Amino acid sequence: MRIRRQGPSLAVDTPAKLNLFLEVLGRRADGYHDLETVMVSVGLYDSLRFTSSAGGALTLSVRESLPPISGVPRPRLISGPGNLVLKAAQMLRRDCRCEAGARIELIKRIPWESGLGGGSSDAAATLVGLNRLWGLSLGQNKLHELAATLGSDVNFFLDSCPVAVCRGRGERIEPRPLRRLLHFTIVHPQAGLSTGKVFSRWTPGERPPRSGDVTDWLAGGPSCHADFGVYNALEKPAIEWHDGLARLLADLRRESGMPVALTGSGSACFAICRTARQARTLAAMFATRGGCRTWSVGSRT
Ligand code: C5P
């Protein structure tokens, strides 16, 4: 997360994430699933601007800045109470018994329902941004407590760590070292996927968790496995919901010759590339196929 003052406002750029490993350990009594996942933050950002407003009004305006997909209508922008940014702001006010107001402007570059964590990242940025703007002085532990009630991925973005192993629902964060510069091509097909729907079709598989292969590799160890342990247990249920996802993953694997996976519950997929140039070439190749958005991005240090 990058934070800077802009006159009376606070500007925050907050990144997307990729899940290099995601194992579902089991269904819980509260309806959620226990996970073990390795998340990496990448250089695709939403931007938020927070400005104090008189009279306690809390407003959000959302502008989309995504490359269009020809023939596909733009998604409806949610700027009402359902938006996680407003929920985060209201939660802060309730918790601190504070009546301050803010004008929040959000520029969306991270697509919805993509598994790239945009909504969670925006919520984390709001907790951090308004904590500062309103001078609330909440510590990191308190912010983590609030983050966990907003969504399972929000905690990861709060700490701005480049890599973490996340457990529980995803909210228990263990930062890990990143000693490699990573390059990715991300491909997001036109239809998104609902996280809840994908989890609902998950059934236990046979593959044991082995996030250690990925974290060792990220920490600079040799890749002893052709795929570096890249894995996502939600790939199978996501493919059942999404026509074309299996083919997209297969094409990405064939064209890159590199490890490929779904991120989160999808529908975005990624390939780990050898160089920034390979990532750009692959992104351009998939962009010309139509029906999807593509990016070439790097990891963050
Ligand atoms: O936590 P978040 O609001 O992002 O989750 C959206 C939905 O995804 C949940 O309502 C739940 O159905 C599912 N989910 C899950 N297990 C997780 C995370 C999410 O079942 N660890």
Side-chain angles (χ1 to χ4, degrees), residues 1-3 12-23 25 35-46 109-110 115-118 120-121 124-125 128 140 144 147 152-168 170-187 207-233 235 252-253 256-264 268-283 294-301:
M1 208 181 285
R2 301 184 300 223
I3 308 170
V12 182
D13 294 324
T14 194
K17 57 85 175 160
L18 293 174
N19 298 79
L20 299 199
F21 176 92
L22 193 160
E23 179 63 305
L25 303 175
L35 306 179
E36 181 177 348
T37 182
V38 179
M39 298 218 235
V40 177
S41 44
V42 296
L44 169 65
Y45 297 89
D46 278 351
R109 299 188 191 87
I110 308 172
L116 292 164
S120 302
S121 194
V128 171
Q140 205 64 1
H144 270 289
S152 307
D153 291 341
V154 182
N155 298 76
F156 170 72
F157 293 104
L158 262 189
D159 280 351
S160 293
C161 51
V163 181
V165 178
C166 309
R167 296 197 169 84
E171 85 286 14
R172 280 173 22 220
I173 308 299
E174 237 176 74
R176 291 297 173 92
L178 176 62
R179 300 209 180 89
R180 291 175 183 279
L181 184 56
L182 304 174
H183 310 283
F184 301 99
T185 298
I186 301 174
V187 182
R207 196 165 168 156
R210 50 184 182 81
S211 67
D213 289 358
V214 176
T215 49
D216 288 352
W217 179 72
L218 294 172
S223 55
C224 49
H225 187 282
D227 265 7
F228 317 144
V230 169
Y231 171 70
N232 187 338
E235 231 165 73
L252 201 52
R253 186 179 294 276
S256 68
M258 295 298 284
V260 161
L262 186 77
T263 179
C269 309
F270 65 91
I272 301 182
C273 296
R274 273 191 203 88
T275 60
R277 188 176 173 164
Q278 186 195 13
R280 281 197 300 273
T281 307
L282 199 60
T294 68
W295 295 265
S296 58
V297 295
S299 55
R300 300 168 54 250
T301 47

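Just so we're clear, the structure is a prediction, and the values are computed from it rather than from any experiment.
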Tightest non-hydrogen contact, residues Glu23 and Ala233, listed as OE1-CB, 3.3 Å
Please examine the side chains of Val187 and Leu282, heavy atoms only from C-beta on, and report whether any two atoms are closer than 4.5 Å. no
Can you tell me how far the CG atom of Leu18 sits from the CG atom of Leu182, to the nearest 0.5 Å? 9.5 Å
Sorted by chain and residue number, the side-chain hydrogen bond (donor to acceptor under 3.5 Å, both in side chains) partners of Ser152 (sequence neighbours excluded) come out as Arg169
Separation between OG (Ser299) and CG (Leu20), nearest 0.5 Å, reads 9.5 Å
Taken in chain and number order and not counting sequence neighbours, the residues that satisfy side chain to side chain contact (heavy atoms under 4.5 Å, CB included) with Ala147 are Leu127, Val154, Asn155, Leu158
Could you tell me the separation between the CZ atom of Arg280 and the OG1 atom of Thr275, rounded to the nearest 0.5 Å? 7.5 Å
Apply the test side-chain contact (heavy atoms from CB on, under 4.5 Å) to residues Gln278 and His183: give CA-CA distance (whole Å), side-chain angles for both, the deciding distance (0.1 Å), then the verdict. CA-CA 8 Å; Gln278 186 195 13; His183 310 283; over 6 Å; no
Once salt bridge (Lys or Arg N to Asp or Glu O under 4.0 Å) is applied, do any residues pair with Arg109, and if so which ones, sequence neighbours excluded? none
Contacts of type side-chain hydrogen bond (donor to acceptor under 3.5 Å, both in side chains), residue Asp46, not counting sequence neighbours: Lys108
Does Gln140 have any side-chain hydrogen bond (donor to acceptor under 3.5 Å, both in side chains) partners at least two apart in sequence or in another chain, and if so, which? Asp159
Nearest 0.5 Å please: distance from the OH atom of Tyr45 over to the CD1 atom of Ile110. 9.5 Å
Are Glu174 and Arg176 ion-paired here, with the side-chain N under 4.0 Å from a carboxylate O? yes
Looking only at heavy atoms, the pair that brings Ser211 and Glu36 closest together is OG-OE2, 2.5 Å
Closest non-hydrogen atoms of Gly170 and Cys166, given as atom of the first, atom of the second and distance, are O-CB, 3.4 Å
Test item: Asn232 side-chain N/O and Ala261 main-chain N/O as donor-acceptor pair under 3.5 Å: no
Taking salt bridge (Lys or Arg N to Asp or Glu O under 4.0 Å) as the definition, give me every residue that meets it alongside Arg253, ordered by chain and number, with sequence neighbours left out. Asp227
Could you report the tightest heavy-atom contact between Ala16 and Phe157, atom names first, then the distance? C-CE2, 4.0 Å
Val214 and Val165: CA distance, side-chain angles, deciding distance, side-chain contact (heavy atoms from CB on, under 4.5 Å) verdict: CA-CA 10 Å; Val214 176; Val165 178; over 6 Å; no
Which residues pass the side chain to side chain contact (heavy atoms under 4.5 Å, CB included) test with Ala283, sequence neighbours left out? Thr185, Thr294, Ser296
Short question: side chain of Lys17, backbone of Gly115 - any donor-acceptor pair under 3.5 Å? yes
Contact summary for Ala125 and Val12, nearest pair of heavy atoms: CB-CG1, 3.8 Å
Can you name the residues that form a side-chain hydrogen bond (donor to acceptor under 3.5 Å, both in side chains) with Ser120, not counting sequence neighbours? none
Over 60° means perpendicular and under 30° means parallel, so classify the ring planes of Phe21 and Tyr231, tilted if in between. tilted
Listed partners of Phe156 passing ring pair (Phe, Tyr, Trp, His ring centres under 6.0 Å), at least two apart: none
Which value, rounded to the nearest 0.5 Å, describes the distance between Asn19 atom CG and Asp153 atom CG? 7.0 Å
With side-chain contact (heavy atoms from CB on, under 4.5 Å) as the criterion, how do Ile272 and Trp217 come out once you've worked through the C-alpha distance, each side chain's angles and the decisive distance to 0.1 Å? CA-CA 12 Å; Ile272 301 182; Trp217 179 72; 4.0 Å; yes
Could you pull out all residues at least two apart from Arg2 that satisfy salt bridge (Lys or Arg N to Asp or Glu O under 4.0 Å)? Asp13
Nearest 0.5 Å, what's the CZ-CE distance between Arg300 and Met1? 9.0 Å
Kindly give the heavy-atom pair with the smallest separation between Val260 and Ala271, and that separation in Å. CG2-CB, 3.8 Å
